[in-house]
Amino acid sequence: MFELVPLILAFPLAGLLINAAFGRWLDEKRIGIVASGATAAAFVIAVLQMLALSGNHFHAETVLLADWITIGDMHLPWQMRVDTLSVTMMLLVTGVGALIHIYAIGYMHGDPRFARFFVFLNLFVTMMLVLVSGDNYLMLFVGWEGVGLCSYLLIGFWYDKGDDNVGNARAGRKAFVVNRVGDLGFLIAMFLIFGAVGSLQFDDVLHFFEHHGAEVGGLATAVTLLFLVGAAGKSAQIPLFVWLPDAMAGPTPVSALIHAATMVTAGIYMIARSAPIFSLAPVSQMTVALLGAGTAFMAGTIAVAQWDIKRVLAYSTISQLGFMVAAVGLGGYVAGMFHLLTHAFFKALLFLSAGSVIHGVEHGAAASESAARGVAGEDYPSGAHHAHCDAQDMRNMGGLKDRMKLTFWVYLVGAVALAGVFPLAGFWSKDEILADAWHVGMVEGHWHGVAVYILLALAAIFTAFYMTRQIVMVFFGQPRSSAAEHATENPPTMTTPLVILAVLSVLGGALNLPGLHTLRRWLEHTHHFFHGIDFNLSVALSSTVLALAAIWLGVRVYHRRPLENATAPDQLQGVLGSVFNFLHAKWYVDELYAATILRLYEWQARFLAFQVDWDFWHDFVHDRVIAAAFRSVAAALSGPVDKGGIDRFFDGLALLVRAFAVRILRPLQTGYVRNYALGVMLGVIAVLGMMLVN
Amino acid sequence: MTVEFVLFIALGTIAVFAALGMLLSSNAIYSALFLVVNFAVVAAFYLLLGAPFIAMVQVTVYAGAIMVLFLFVIMLLGAERLRQPTYRLRWQQPLAIVLVLALLGFAGYVVATQVTGAWPGPLENAAGYGSPAAIGQLLFQEYLFPFEATSLLLLTAMVGVVVLTAVDERRRRRRPSKRS
Amino acid sequence: MIATTYYLALSAILFSIGVVGVLVRRNAIVIFMAIELMLNSANLAFVAYARQFGALDGQILVFFVMTVAAAEVAVGLALIVAIFRSKASIDVDEVNLLRG
């Protein structure tokens with residue numbers, strides 16, 4: 001069954017080709033069926049691969065598709081790898097992807113670029129599968145860049161919207177450019193590996209590092225730090241996380257699929273894949289763990305002070321990615337992967353629910369508008385994403401609990417799972433990470449373990465708090481705008497995936513329950529580095545207590561005194577004052593980058609463009625030196641040499657030829673046939689004479 | 001001086017004079033008739049040379065068909081004489097005669113020196129030499145391919161003649177007529 | 001038996017007369033007839049040689065020459081007719097548009 005694995009790429013590829021070629025002639029239903037069907041078929045293949053692995057004693061298999069690059073000793077096949085780690089990712093990408101595709105059919109209804117959206121989504125699924133199924137770092141990189149491209153395309157999908165009608169396009173560009181920084185690190189890391197190992201195949205590379213571990217510690221550190229740069233770009237870690245909040249400009253299914261569930265986890269996958277190298281570089285591991293924990297904490301604080309429903313979730317995503325990165329940094333690869341999976345479930349759920357809320361509110365805005373105009377019962381195109389009030393601003397919402405019942409319940413499930421309340425998925429995975437940190441800090445006695453634990457615990461508190469705040473602001477209290485008042489529930493294409501994801505969010509913890517450790521045993525077949533630590537009751541208890549406390553605090557702050565209207569200040573603003581503003585402004589990171597990197601860069605770009613390129617290079621070197629010298633040489637050559645010498649010589653030659661032709665050759669052509677016959681006769685006589693003489 | 005030799009001299013004289021007559025007649029009709037005489041005499045030579053088939057072909061095809069064609073064209077065009085004498089290339093006439101004399105000189109030299117001494121007398125040819133049967137056998141066996149090729153040549157010539165002489169009806173119709 | 005040499009001499013004489021006709025006469029048809037004369041003299045030489053060597057190939061060649069001559073006459077006369085149509089004359093000296 002392993003030979004079926006190329007189909008996992010073929011199905012989404014076929015889907016995207018069909019929609020790209022015939023999308024303009026198909027109706028929305030058919031486009032949606034093609035795209036979702038392709039992804040669902042890929043999911044079936046992924047399930048078959050899982051079964052095949054079970055039947056193969058969980059041994060990794062590789063399937064060679066084609067030779068790709070062969071230059072000298074360098075041999076890079078286009079080869080797919082089926083092991084427990086990659087199959088886990090395949091299942092995640094295709095499973096969650098299929099649900100989000102189905103959801104998007106409802107969400108994107110009426111959009112003029114409907115087919116294009118699904119082409120991009122399928123392309124994303126294809127590239128993500130290349131990323132997780134590749135058997136060498138270069139294929140991983142191809143997928144890495146491919147999903148980056150899809151991310152760019154989909155963030156800017158509504159490229160004509162946003163600030164000044166280019167805001168979304170700018171957000172896409174920002175994501176692309178920031179990711180480039182990370183990609184550069186990844187590329188250099190690959191070069192280093194190739195230089196040392198002479199191969200980019202996972203097996204060769206990891207084998208090399210396992211057997212030459214002691215000698216190549218420095219190399220391992222360099223490579224892993226550079227990998228970290230790449231992961232920081234793709235997985236939105238400090239300092240490269242700034243693109244992810246802006247990426248929310250894309251349609252909500254994109255936010256759910258790419259910027260929460262799958263693509264941003266590529267960095268974690270990559271680190272987990274390279275676990276043997278990281279295990280050789282304690283410095284890098286420590287850096288990874290601290291960076292992840294720092295990101296988790298920082299993004300958690302920022303999320304508390306945001307108004308935009310998707311932005312809160314975006315910072316929450318960054319924060320949770322920080323959890324995962326910290327986990328893999330601590331050596332808790334299983335915990336990281338576990339959290340990756342559960343997070344994919346509940347964050348996809350949250351984003352899709354948020355999309356559902358936004359969609360409902362937009363619908364409500366349209367409905368209230370028509371009510372105000374007295375045109376009742378008119379059917380408004382729900383895909384027209386334009387609202388007079390900002391449909392994503394939580395201050396415009398409130399009281400949606402009764403108007404969108406299903407959405408409320410699934411949202412609540414997602415939020416509780418994210419907050420880490422027993423026994424939902426988030427509890428188990430987050431707890432395992434915290435237990436890992438506790439283990440490294442307390443049992444092994446590393447100071448950074450303690451630091452990571454504290455930061456993560458704080459981040460977990462913030463998580464519970466901001467989710468409570470969001471739930472309360474969106475669903476409880478009174479509607480704070482007419483749009484929220486008229487909001488309605490969405491069609492089943494959108495709500496069905498929500499329900500499925502909600503079930504997964506509840507039950508996701510079963511993947512790796514303490515005592516069973518299904519996921520751990522499953523992943524251990526890929527790397528023996530994948531091990532987990534046992535359930536730690538005190539950690540679990542303390543984190544549960546902290547989460548509950550944060551929820552209680554959130555309810556107390558926000559539910560007791562709900563926002564009066566859409567323009568009222570946040571309840572915390574009075575208490576925290578400038579700290580709240582600091583958090584709302586995202587720690588001024590964007591401004592910091594603008595002041596330091598961007599301004600410097602622009603200055604030097606201007607300097608290079610105007611002074612160096614234009615004034616010096618163009619005006620001086622080109623115009624004064626090269627062009628002037630060339631002109632004088634050319635003048636000399638064209639005047640005396642060419643006109644005076646060469647031309648005159650050839651003119652004379654031509655005159656000679658003409659004179660010869662006019663005087664001698666022309667009279668010969670009398671036009672009389674007899675004359676020519678005479679010429680023939682002359683020739684005959686001459687030839688005969690010669691023959692006789694000889 | 002056998003009878004045969006006398007016959008040869010007589011026929012040769014007639015042939016040469018007929019040729020000269022063709023050359024010198026100002027009327028093209030006379031030229032054509034002189035040429036018919038010449039061809040007939042040459043046919044007689046063919047008989048002397050043991051080529052009865054070629055002789056018959058000479059008489060029927062050359063002296064008959066081709067020369068009739070010549071006469072027909074001359075009369076069709078009414079071109080027995082040129083309308084006005086022109087004297088454009090007068091210098092060519094003496095030069096041509098000098099050249100032809102040179103040619104004759106060369107030929108005579110070759111015949112006198114190189115051919116006469118080297119050859120034995122002509123062979124007595126076997127019975128049936130030059131008969132239609134012998135010619136036909138050779139033609140349809142050894143020379144079959146050239147023979148078929150000539151048919152193609154004749155076809156091409158026929159098409160060419162039709163193309164050259166046919167009057168273009170469409171062009172004629174396009175001439176401006178007074179009615180319109 | 002007449003020696004082959006005599007025939008060759010006669011052939012040369014006839015050929016020369018033909019050459020003079022081509023070079024001197026202006027009437028296109030006469031020129032054409034002179035060419036026929038030249039072909040004929042060549043045929044005579046062929047037949048004489050055939051007898052000399054006791055081979056029939058010379059006669060076959062004469063046969064082919066006649067065929068080609070027939071085709072040539074047909075095309076040539078057609079050309080003359082075509083020239084006459086446009087020039088109303090068959091004087092070759094009047095057909096000198098291609099002079100230099």
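Predicted model, so just to flag it, every value in this text is computed and none were measured. Every chain is numbered from 1 and lettered A, B, ... according to where its sequence line falls, protein lines coming before strand lines.
- Most heavy-atom pairs under 4.5 Å with chain B: of the set Val81(C), Asn27(C), Leu79(C), this distinction falls to Asn27(C).
- For a residue to count as touching a neighbouring chain, one of its non-hydrogen atoms must lie under 4.5 Å from one of that chain's; by this rule Phe106(B) does not touch chain C.
- Within the 4.5 angstrom heavy-atom criterion, only side-chain atoms of Val24(C), from C-beta onward, approach chain B.
- Only the backbone of Ser26(B) has a heavy atom closer than 4.5 Å to any heavy atom of chain C.
- Aromatic ring centres of Phe34(B) and Phe17(B) lie farther apart than the 6.0 Å criterion allows.
- Only the side chain of Leu10(C) comes within contact range of chain B, judged by heavy atoms closer than 4.5 Å.
- Contact annotation for Tyr7(C): both backbone and side-chain heavy atoms come within less than 4.5 Å of a heavy atom of chain B.
- When heavy atoms are compared at a cutoff of 4.5 Å, Leu35(B) approaches chain C solely by way of its side chain, counted from C-beta outward.
- Of the two parts of Ala107(B), only the side chain, counted from C-beta on, holds a non-hydrogen atom closer than 4.5 Å to a non-hydrogen atom of chain C.
- Ranking Thr150(B), Ile66(B), Leu138(B) against chain C, the residue ahead of the rest is Leu138(B), based on heavy-atom pairs under 4.5 Å.
- Atom CZ of Arg25(C) and atom CG of Asp93(C) lie 12.0 Å apart (nearest 0.5 Å).
- Of the atoms belonging to Phe8(B), it is side-chain heavy atoms, and not backbone ones, that fall under 4.5 Å from chain C.
- Interface remark: of the candidates Leu139(B), Leu153(B), Val61(B), Leu139(B) forms the most heavy-atom pairs closer than 4.5 Å to chain C.
- Of all heavy-atom pairs between Leu47(B) and Pro52(B), the closest is CD2-CA, 3.8 Å.
- Residues Val161(B) and Leu164(B) have side chains not in contact (no heavy-atom distance under 4.5 Å, counting atoms from C-beta outward).
- Taking both residues in full, the closest heavy atoms of Val37(B) and Ala18(B) are given as CG1-CB, 3.9 Å, listed atom of the first, atom of the second, then distance.
- Counting only N and O atoms by type, the side chains of Gln59(C) and Tyr46(B) include no donor and acceptor under 3.5 Å apart.
- Chosen from Gly50(B), Gly108(B), Gly12(B), Gly130(B), the residue pairing most often with chain C at heavy-atom distances under 4.5 Å is Gly130(B).
- The heavy-atom pair separating Leu37(C) from Gly18(C) by the smallest distance is CD2-N, 3.9 Å.
- The two residues Ala43(B) and Gln58(B) make their nearest non-hydrogen contact at CB-CG, 3.7 Å.
- Neither the backbone nor the side chain of Ile31(C) comes within contact range of chain B; no heavy atoms are under 4.5 Å apart.
- Put simply, of Leu56(C), Val19(C), Val73(C), the one with the most heavy-atom pairs under 4.5 Å next to chain B is Leu56(C).
- Between Ala44(B) and Leu11(B), the shortest heavy-atom distance links the atoms CB-CD1, 4.0 Å.
- Proximity of Leu99(B) to Val20(C): side-chain heavy atoms (C-beta onward) are nowhere separated by under 4.5 Å.
- Proximity to chain C involves both the backbone and the side chain of Ala32(B), based on heavy atoms less than 4.5 angstrom apart.
- Closest heavy-atom contact between Ala19(B) and Leu14(C): CB-CD2, 3.8 Å.
- Only the backbone of Leu24(B) comes within contact range of chain C, with heavy atoms under 4.5 Å apart.
- Looking only at side-chain heavy atoms (C-beta outward), Leu23(C) and Gln93(B) stay at 4.5 Å or farther from each other.
- Ranked by heavy-atom pairs under 4.5 Å with chain C, the list Leu103(B), Leu104(B), Val42(B) is led by Leu104(B).
- Listed options Gly160(B), Ala15(B), Ala65(B), Pro146(B) were ranked by heavy-atom pairs under 4.5 angstrom with chain C; first place goes to Pro146(B).
- With a threshold of 4.5 angstrom between heavy atoms, Phe70(B) approaches chain C through its backbone and through its side chain.
- When Val62(C), Ile80(C), Ile60(C) are compared by the number of non-hydrogen pairs under 4.5 Å with chain B, Ile60(C) comes out ahead.
- In this structure a side-chain-to-backbone donor-acceptor pair under 3.5 Å is missing from Ser25(B) to Asn27(B).
- Between chain B and the residues Ile13(C), Val30(C), Leu44(C), Thr67(C), the most heavy-atom pairs under 4.5 angstrom are made by Leu44(C).
- Of the atoms belonging to Ile29(C), heavy atoms from both backbone and side chain fall under 4.5 Å from chain B.
- Your options are Ala71(C), Gly21(C), Ala12(C), Ser16(C), and the one with the most heavy-atom pairs under 4.5 Å with chain B is Ser16(C).
- Heavy atoms closer than 4.5 Å to chain B are found nowhere in Val22(C), neither backbone nor side chain.
- Side-chain contact between Tyr62(B) and Asn43(C): present, with at least one pair of heavy atoms (C-beta onward) separated by less than 4.5 Å.
- Judged by distance alone, the side chain of Ser11(C) and the main-chain N or O of Ser41(C) form a donor-acceptor pair under 3.5 Å.
- Contacts between Phe64(C) and chain B at a heavy-atom distance below 4.5 Å involve the side chain alone, from C-beta outward.
- At a 4.5 Å heavy-atom cutoff, the contact between Met67(B) and chain C is made by side-chain atoms alone.
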